[in-house]
Amino acid sequence: MLDNKGSFYIIDAILAVILLLIVFLVINATITMPTHDYSYETRDIKTAQDIMELLSGKVDFEDESFISEISAILSEGENSKESIREVSKISKSKLDSYDLENYRLVETNVLNNVVLASRGDWDNAENISVATRTYGEYSFTLSTW
């Protein structure tokens, strides 16, 4: 009789351990399951923000940022077609140096949405990320896709 009770206790203990392992594995599987993460869909937002941060940043206090340079050219040229062409040339060169596939740089405040530099098919663009920086009265919007 003692042997039968001991066998039942052993089987009962083994079943309890197996049940605990199953519960642990289910919880572990639930925790580690991949979930839909929105950061994967919006990964390009950082690209536009990062590029615009580079364009508006300075290395030290004596440097001039790219955004301030093109703002000065437009301001000194009184927003003439020549100054816009010069800024467009400089902007295209600068943005091409970042190896962007598709981009569009627009001045939205003073020049009323004049496209300064562009690469790619804007009309069929998808997943557009946008960053805007203002310098003086000029407001520049960079779109990447």
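The structure presented is a predicted model; accordingly, all values stated were derived computationally and were not measured. Below, all heavy atoms of this structure are taken into account, side chains as well, without hydrogens, waters or symmetry copies.
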| said: Does any part of the side chain of Arg104, heavy atoms only, come nearer than 4.5 Å to the side chain of Leu95, both counted from C-beta? | reply: no
| Spacing of Glu126 atom CD and Asp121 atom CG [to the nearest 0.5 Å] | 10.5 Å
| task | Report whether Leu54 and Phe66 are members of the same hydrophobic cluster (ILVMFWY, side-chain heavy atoms less than 4.5 Å apart, transitive linking). | result | yes
| field | Connected via hydrophobic side-chain network under 4.5 Å: Leu105 and Ile51 | value | yes
| message | Are Tyr98 and Leu142 linked, directly or through intermediate hydrophobic residues, by side-chain heavy-atom contacts shorter than 4.5 Å (ILVMFWY only)? | response | yes
| In Å and rounded to the nearest 0.5 Å, what is the CH2 to CG distance from Trp145 to Leu100? | 10.0 Å
| Which heavy atom of Ser65 sits nearest a heavy atom of Ser68, and at what distance? | O-OG, 2.7 Å
| task | Report whether Leu15 and Phe24 are members of the same hydrophobic cluster (ILVMFWY, side-chain heavy atoms less than 4.5 Å apart, transitive linking). | result | no
| message | Could you tell me if the side chain of Leu55 sits less than 4.5 Å from the side chain of Ile70, heavy atoms only? | response | no
| Between CD1 of Ile18 and CD1 of Ile11, what distance do you get to the nearest 0.5 Å? | 10.5 Å
| query | What distance separates Ser91 OG from Glu69 CD, expressed to the nearest 0.5 Å? | reply | 10.0 Å
| query | So, do Val110 and Leu74 sit near enough that their side-chain heavy atoms are less than 4.5 Å apart? | reply | no
| request: With the side chain counted from C-beta on, respond yes when Phe140 and Leu116 share a heavy-atom pair under 4.5 Å apart, and no when they do not. | output: yes
| Is there a side chain to side chain contact (heavy atoms under 4.5 Å, CB included) between Ile73 and Ile90 once you walk through the steps? | CA-CA 10 Å; Ile73 292 170; Ile90 294 169; 3.5 Å; yes
| task | Quick one: name the residues clustered hydrophobically with Ile27, using the 4.5 Å side-chain heavy-atom rule over I, L, V, M, F, W, Y, and just say none if it's on its own. | result | Val23, Ile31
| message | On a heavy-atom basis, which atom in Ala48 and which in Thr144 lie closest, and how many Å separate them? | response | CB-OG1, 3.6 Å
| task | Quick one: list whatever passes side chain to side chain donor-acceptor pair (under 3.5 Å) with Arg85, sequence neighbours left out. | result | none
| said: Check whether Ser93 reaches the backbone of Lys89 with its side chain - one donor and one acceptor, N or O, closer than 3.5 Å. | reply: no
| Of all heavy-atom pairs between Ser139 and Glu107, which one has the smallest distance, and what is that distance? | N-OE2, 2.9 Å
| message | Has Arg119 got a side-chain atom pairing as donor or acceptor with Asp96's backbone, closer than 3.5 angstrom? | response | no
| request: Consider only side-chain heavy atoms of I, L, V, M, F, W and Y, link residues closer than 4.5 Å, and tell whether Ile22 and Ile14 are in one cluster. | output: yes
| note | Closest non-hydrogen contact found for Lys92 with Tyr103 is NZ-OH, 3.5 Å
| query | Any idea which heavy atoms bring Val130 and Ile128 closest together, and the distance? | reply | CG2-CG2, 3.9 Å
| field | Asp99 CG to Glu101 CD distance, which is reported to the nearest 0.5 Å | value | 9.5 Å
| message | Whether the side chain of Ser71 engages the backbone of Ile67 through a donor-acceptor N/O pair (distance < 3.5 Å, no angle test) should be reported. | response | yes
| So with a 6.0 Å cut-off around OH of Tyr135, is the heavy-atom count from everything else above 12? | no
